[in-house]
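Below is one structure; the comments refer to it alone.
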Amino acid sequence: MSYQTVKGTYDLLPDRMVKFNILSDLFRQFLNLYGYGEIKTPVFEYTGVFQKENDTSDMVTKEMYTFSPNGKDSLTLRPEGTAGVIRSFVENKMYGNNELPIKLGYIEEMFRHERPQKGRQRQFTQMGIECVGDKDPLIDAEVIALGYFYIKTLGLQSVKVLINTLGDNESRLQYKKDLIDYFAPHKDELCYDCQTRMEKNPLRILDCKIDRDSDLVKNAPKMKLTENSAKYFEDVKHYLDVLGIPYEIDDRLVRGLDYYTDTVFEVVSTNEASGSQATIFGGGRYDNLVKEMGGPEISGIGFAIGVERLLILCDAEEIFDIKNSLDCYVINLNEDPDYALSIAEELRNNSFSCEMNYYKRSLKAQFKSSERKNARFVLIIGEDEVKEGTITLKDTLTKAQESVKRDELTDRLDQLMEDYYE
RNA sequence: GCGGACGUGGUGAAGUUGGUUAACACACCAGAUUGUGGCUCUGGCAUUUCGUGGGUUCGAGCCCCAUCGUUCGCCCCA
């Protein structure tokens, strides 16, 4: 019997895990820099957390991993980060006990039953933030800044920021009406999907890959923003300018879920290695979500970064400079391993990373191992050394070799390392 | 969910209209060099085995069907 990973899932092996950790460690640093606390919510929630009753999005139903362990409760593996965090925000009444806004960040696995593709797995990881409890253009700009400067600090070049506004509730409702009025007489000219989108969410027609280049869509009316909403967007752009964040306005950028209001944004890759999954991260402001989740009427904003996609891009731009290194490798030529074993442990107790040879192999083979492991120092132990209570120590950088007494070993290693860096 | 491509050792891969011994390279192991690696040379290295299961054939890695997986695009991307 042989097994393999479930379609769309993968093992994160040590080499890749190192890169993964670089990405998440830096993200945690950024959370800290901007005053975000890390949160972990359950991997599964009641299905209702992710699926609202009057959700008009196209996808939510078929792409979720929903199950019922007892035939009663409907549970779902989380397909995204925001809903669970907002549920937690409301459930723990964070809006009451603390100064607002509350800033939360997460790095967690998500599950979507989609057809796998490059940069799209069924289990994948997102790093995201949510800033909940207040609405101000400064916050929007800061949220984008956190994501943008994170990406930049990683060293990525081929990315650009797209922003748009979906307007506040008032302007948006009016815009939906305007669009329906505009498209209705031309319904036949739209693709099949867009004809149904017209009823549910006409905003998505603007984002349609089939129709987006048609004159009909190009000439569609723009949103008439309310005065407040227009000013809000102007302020966000102004603050981005102040922060030195370059952006493009993409008035057809309409994030998939319809809980977004006002500011929406995406960071996309212009590197072809990303394939068709070019969006590295996306997010936006949501005025209504907290209330829909049973909380007070307060606004929030957040984004999520697809870590696997980010990793693909980082590999393509070769931003990782990873060298595994080991301080000491203990070669043992003696029949009895006791001496070598105790030396290895003594080194580790003194914070030197150390590996040793486990079984009888030729000296040459053991040296090869030490080289593969990129060991700085090679310690040779044979009958003579055991008898005399010494270690033959070889510095692989200077190739110098010396005999060291056992109780002077760690001091000597410290000294050699210091000397080298001077 | 739909359409195209692909699936050969640890890795990258050759394999011509089905024809008998699955190339080549890297990596790995051993030796030359019996306590000193990196270079060189020599030898070894795919349990009838080509994702898996059936079928056609005297004969299949090559053809057919199914299945699993990967990949590119569509859909979607919370």
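Proteins get letters first, then strands, A, B, ... in listed order; numbering begins at 1 in each.
- Under the Watson-Crick or G-U wobble criterion, with both distances below 3.5 Å, A22(B) has no partner in any strand shown.
- Atom name P, nucleotides G54(B) and U49(B): the rounded distance is 13 Å, in whole Å.
- Within 4.0 Å (heavy atoms only), G8(A) reaches sugar-phosphate atoms of the nucleic acid but no base atom.
- Between D315(A) and K19(A), at least one side-chain N (NZ, or NE/NH1/NH2) sits under 4.0 Å from a carboxylate O, which counts as a salt bridge.
- Using Watson-Crick or G-U wobble geometry with both donor-acceptor distances under 3.5 Å, U42(B) finds its partner in A30(B).
- Checking U36(B), A78(B), G69(B) against the side-chain heavy atoms of M64(A) singles out A78(B) as nearest.
- In this model, no donor atom of one side chain and acceptor atom of the other lie less than 3.5 Å apart for Q401(A) and T392(A).
- One C1' atom belongs to G35(B), the other to A14(B), and the distance between them is 44 Å to the nearest Å.
- Relative to the six-membered ring of Y359(A), R361(A) meets both conditions, a distance below 6.0 Å and an angle of at most 45° to the axis.
- For K364(A), taking side-chain heavy atoms from C-beta onward, the closest of the listed nucleotides C75(B), A32(B), G35(B) is A32(B).
- Using modelled atom types, one finds no donor on one side chain facing an acceptor on the other under 3.5 Å when comparing T125(A) with E108(A).
- Side-chain proximity of K368(A) to the nucleotides A78(B), G1(B), G37(B) is greatest for G37(B).
- Comparing U36(B), U71(B), G38(B) by their nearest atom to the side chain of T392(A) picks out U36(B).
- Shown here, U57(B) forms no base pair; nothing in the strands shown gives a Watson-Crick or G-U wobble contact with both key distances under 3.5 Å.
- Residue-to-nucleotide proximity on RNA chain B shows that, of Q4(A) and K118(A), the 5′-proximal contact is made by Q4(A).
- Here C6(B) sits opposite G69(B) as a Watson-Crick or G-U wobble pair (both hydrogen-bonding atom distances under 3.5 Å).
- Pairing of G1(B), defined by two Watson-Crick or G-U wobble distances under 3.5 Å, is identified with C74(B).
- Closest to the side chain of Q401(A), from the set A30(B), G1(B), U36(B), is U36(B).
- Comparing U52(B) with U33(B), their P atoms sit 44 Å apart, to the nearest whole Å.
- In the set U71(B), G35(B), C77(B), C77(B) carries the atom at the smallest distance from any side-chain atom of E114(A).
- A distance of about 8 Å separates the C1' atoms of C28(B) and C45(B), rounded to the whole Å.
- Classified by its glycosidic torsion, G69(B) falls in the anti category, the angle being over 90° from 0.
- With salt bridges taken as basic N to acidic carboxylate O contacts below 4.0 Å, none links E388(A) and K405(A).
- Of the residues L310(A), L313(A), V159(A), the one that meets the side-chain contact (heavy atoms from CB on, under 4.5 Å) test with L154(A) is L310(A).
- Q366(A) comes within 4.0 angstrom of no nucleic acid atom, judged by non-hydrogen atoms across all strands.
- A donor-acceptor pair shorter than 3.5 Å cannot be found between the side chains of Q121(A) and T9(A).
- Look at the P atom in both U67(B) and G3(B): the space between them is 12 Å, to the nearest Å.
- Side-chain atoms of F367(A) lie closest to U36(B) of the nucleotides G38(B), U36(B), U71(B).
- Which of U36(B), A78(B), C72(B) sits closest to the side chain of Q117(A) comes down to C72(B).
- Checked by distance alone, E385(A) brings a side-chain donor or acceptor within 3.5 Å of a matching partner on the base of G35(B).
- The residue among T5(A) and F111(A) whose nearest nucleotide of RNA chain B lies closer to the 5′ end is T5(A).
- Each of G35(B), G38(B), G31(B) was ranked by its minimum atom distance to the side chain of K399(A); first place goes to G38(B).
- Straight-line distance between the C1' atoms of G19(B) and G1(B): roughly 44 Å, to the nearest whole Å.
- Per the geometry, CG belonging to D395(A) stands 19 Å off P belonging to U36(B), to the nearest Å.
- Rounded to whole Å, the distance from CZ on R122(A) to P on C68(B) is 11 Å.
- The side chain of R372(A) contributes an N or O atom lying less than 4.0 Å from OP1 or OP2 of C29(B).
- C75(B) atom C1' lies 8 Å from atom CZ of R120(A), rounded to whole Å.
- The nucleotide C62(B) finds no pairing partner, because no Watson-Crick or G-U wobble arrangement with both distances shorter than 3.5 Å includes it.
- U17(B) makes up no base pair with any nucleotide shown, lacking Watson-Crick or G-U wobble contacts both under 3.5 Å.
- A gap of 36 Å separates the C1' atoms of G51(B) and U42(B), to the nearest Å.
- When the C1' atom of A32(B) is taken as reference, atom CG of L363(A) falls 16 Å away, rounded to whole Å.
- Comparing G38(B), U36(B), U70(B) against the side chain of E371(A) picks out G38(B) as the nearest.
- Between F30(A) and F149(A), the distance separating the two ring centers is not shorter than 6.0 angstrom.
- U16(B) and C63(B) have their C1' atoms separated by 16 Å, given to the nearest Å.
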